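What follows is a short report on a single structure.
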Amino acid sequence: MKIIVDGVDVWYNSTQALKNISFEILSNETTFVIGPNGAGKSTLLKTIASIVNPVKGAVYIDGKNIAKLSPRDIGKIISYVDPYISRSIPSTVLEFLLTARYPHQKIFSFSIPSQDLEIIDKIARQLDIEHFLERRLDRLSSGELQRVLIARALIQKPKVLLLDEPSAFLDIRYRLEVLEHIKTITKESNIVCIVAIHDLYLASLYADKVILMYNGEIVAVGDPDTVFRKELLEEVYKVKVSIAKVDGRDIVIPMKPL
C-alpha cells in the first residue's frame with residue numbers, strides 16, 4: 001500500500017490552506033503530521049480522506065486517484081477520525097460502532113454478521129470500552145468518547161487510518177495506551193497510518209516518519225532524526241525545546257516560549 005500526495009493545493013474561499021503539498025507514505029509506517037495551529041494538518045488529513053477536494057493536484061492510493069472512487073469504496077479503504085464529533089447522535093456506543101462495518105456489508109443485508117460483532121468485541125476490549133457499549137454517546141466523558149471514536153476507526157478495518165489529534169481529551173495513561181495500540185495495529189495489519197498531533201513529545205515517542213508543516217506548506221519530511229532538530233523546531237514553533245536521547249530515540253521536550 002502506498003499513498004502519493006502530488007502537488008496538492010487546497011483553498012477555503014479566499015484563503016489557501018495547503019500549498020503544493022507532495023510526499024509519499026508506505027504501509028507499515030506510523031507517520032505523524034506536526035506543526036503549530038493553522039499549519040494545515042487537519043486539512044491535509046481531510047484531503048487524503050476525500051472530505052476536502054483539492055483545486056490542484058491529486059491523492060493516489062496504490063496508483064488510483066481517490067477522486068474517482070465511490071464513497072463506499074473509499075469507506076472500505078480509508079478511516080478518518082475527527083475528534084470533534086457531535087454528542088447529540090441518538091445512538092448507543094454499540095450501535096455507533098456497528099456503523100463502521102457498513103462499507104463491508106452487503107447493500108441489502110438486514111442482519112448483523114457474527115464476524116462484525118467479534119471484531120467489535122475484540123477492539124472494545126483492547127481499548128477498554130467494553131463496559132459501556134450499551135451507554136448512549138451523550139453520556140460519555142470526553143476521554144471515553146475519544147476512545148470510542150478510535151475504536152470505530154479500527155473496527156472499520158481500513159487500509160489507511162487517518163487520526164486527527166487521537167490523544168485529545170485523554171489522560172496520560174490512555175494517551176500512551178492508544179498510541180501504543182495504533183502503532184502495533186499499523187505494523188501487524190500492514191496499513192498506512194497518519195496521525196495529526198500537537199504534542200511534540202508524543203510524536204517523537206512514536207513516529208516512524210514525520211511531516212512538519214507551517215502555514216500550509218511542508219517544511220520538512222523524513223525520519224524522526226531528520227525532522228526533530230532543535231533549531232528547526234524552535235524556528236517553526238517559536239518555543240525553546242530540549243532533545244533528549246531515550247532508548248535510542250530523540251525525544252522532544254518543549255521548554256518555554258521564545
Side-chain angles (χ1 to χ4, degrees), residues 29-34 41-42 44-46 48-49 51 75-104 112-113 115-208:
E29 291 180 333
T30 306
T31 299
F32 278 68
V33 184
I34 61 173
K41 302 185 296 296
S42 294
L44 176 58
L45 263 60
K46 289 177 181 178
I48 296 172
I51 296 169
K76 292 178 181 178
I77 300 170
I78 300 174
S79 184
Y80 167 77
V81 178
D82 184 337
Y84 302 106
I85 187 174
S86 171
R87 291 172 175 275
S88 61
I89 298 174
S91 167
T92 66
V93 171
L94 178 58
E95 290 167 343
F96 179 67
L97 295 179
L98 281 168
T99 64
R101 300 301 303 162
Y102 287 173
H104 301 281
I112 302 172
Q115 180 184 5
D116 289 355
L117 293 174
E118 290 171 4
I119 291 170
I120 290 172
D121 180 68
K122 178 181 178 181
I123 293 175
R125 291 180 183 279
Q126 289 172 339
L127 291 183
D128 192 25
I129 64 170
E130 74 277 6
H131 54 289
F132 49 75
L133 288 177
E134 299 303 324
R135 203 186 304 174
R136 289 171 55 91
L137 291 178
D138 59 5
R139 304 286 178 164
L140 301 179
S141 70
S142 296
E144 289 170 341
L145 180 60
Q146 183 69 352
R147 280 149 55 206
V148 168
L149 294 176
I150 294 168
R152 186 187 182 281
L154 297 174
I155 287 164
Q156 195 172 325
K157 292 294 183 181
K159 296 179 181 177
V160 178
L161 178 61
L162 306 174
L163 301 170
D164 196 348
E165 291 294 337
S167 61
F169 314 117
L170 299 179
D171 63 30
I172 188 62
R173 172 197 165 192
Y174 283 119
R175 288 183 185 185
L176 296 172
E177 282 190 355
V178 163
L179 290 175
E180 287 275 2
H181 186 62
I182 288 168
K183 186 154 187 172
T184 299
I185 287 288
T186 300
K187 298 290 186 184
E188 291 180 349
S189 302
N190 197 34
I191 64 175
V192 173
C193 179
I194 307 175
V195 180
I197 199 167
H198 281 100
D199 194 316
L200 291 175
Y201 168 74
L202 290 175
S204 62
L205 198 60
Y206 291 105
D208 295 315

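What you see below is based on every heavy atom in this structure, not just the backbone, and it leaves out hydrogens, waters and symmetry mates. The model shown is predicted, which means the values in this text are computed figures rather than measured ones.
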What's the verdict on side-chain contact (heavy atoms from CB on, under 4.5 Å) for Y80 and I48, showing C-alpha distance, side-chain angles and the deciding distance? CA-CA 9 Å; Y80 167 77; I48 296 172; over 6 Å; no
Would you check, one step at a time, whether the test side-chain contact (heavy atoms from CB on, under 4.5 Å) holds for D121 with L133? CA-CA 10 Å; D121 180 68; L133 288 177; 5.7 Å; no
Carefully, step by step, assess I119 and Q115 under the rule side-chain contact (heavy atoms from CB on, under 4.5 Å). CA-CA 6 Å; I119 291 170; Q115 180 184 5; 4.2 Å; yes
Evaluate side-chain contact (heavy atoms from CB on, under 4.5 Å) for L176 paired with Y206, printing each intermediate quantity in order. CA-CA 9 Å; L176 296 172; Y206 291 105; 3.5 Å; yes
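Within 6.0 Å of atom NZ in K187, more than 12 heavy atoms from other residues, nucleotides or ligands are found, so the atom counts as buried in its surroundings.
Without hydrogens or angle criteria, S204 side chain to Y201 main chain gives a donor-acceptor distance under 3.5 Å. Side-chain atoms of Q156 come within 3.5 Å of backbone atoms of G75 as a donor-acceptor pair (strictly under, hydrogens ignored). A donor-acceptor pair is defined here as one N or O able to donate and one able to accept, closer than 3.5 Å; no such pair exists between the side chain of E134 and the backbone of L94. Panel note: side chain R147, backbone D128; a donor-acceptor pair is recorded below 3.5 Å.
How far NZ of K159 is from OG of S189: 12.0 Å, rounded to the nearest 0.5 Å. Note: L179 CG to S167 OG = 6.0 Å, rounded to the nearest 0.5 Å. Of the inter-residue distances, the one linking L117 atom CG with L97 atom CG reads 11.0 Å to the nearest 0.5 angstrom. To the nearest 0.5 Å, atom CD1 of residue I120 and atom CD1 of residue I129 are 9.0 Å apart. To the nearest 0.5 Å, atom CD of residue Q146 and atom CG of residue L127 are 10.5 Å apart. Separation of atoms OG1 (T30) and CG (D208) is listed at 4.5 Å; rounding is to 0.5 Å.
Two residues are said to be in side-chain contact when any heavy atoms from C-beta on lie closer than 4.5 Å; V81 and P166 fail this criterion. Taking 4.5 Å as the limit, some side-chain heavy atom of R101 sits within range of a side-chain heavy atom of K157. S79 places a side-chain heavy atom less than 4.5 Å from the side chain of L161. Side-chain contact between I185 and H181: present, with at least one pair of heavy atoms (C-beta onward) separated by less than 4.5 Å. The side-chain heavy atoms of I51 and D82, taken from C-beta on, include no pair separated by under 4.5 Å. Between T99 and E95 the shortest side-chain heavy-atom distance does not fall below 4.5 Å.
When all heavy atoms of K41 and A196 are compared, the closest pair comes out as CB-CB, 4.0 Å. Between A153 and P158, the closest heavy-atom pair is O-CD, 3.3 Å. Minimum heavy-atom separation, T186 to C193: OG1-CB, 3.2 Å.
When each of L137, L145, I155 is tested with F96 by the rule side chain to side chain contact (heavy atoms under 4.5 Å, CB included), just one qualifies, namely L137.
Screening residues 165-179 for salt bridge (charged side-chain N to carboxylate O under 4.0 Å, His left out) gives R173-E177, R175-D199 as the qualifying pairs, with residues at least two apart or on separate chains.
The side chain to side chain contact (heavy atoms under 4.5 Å, CB included) search around S42 returns D164, not counting sequence neighbours.
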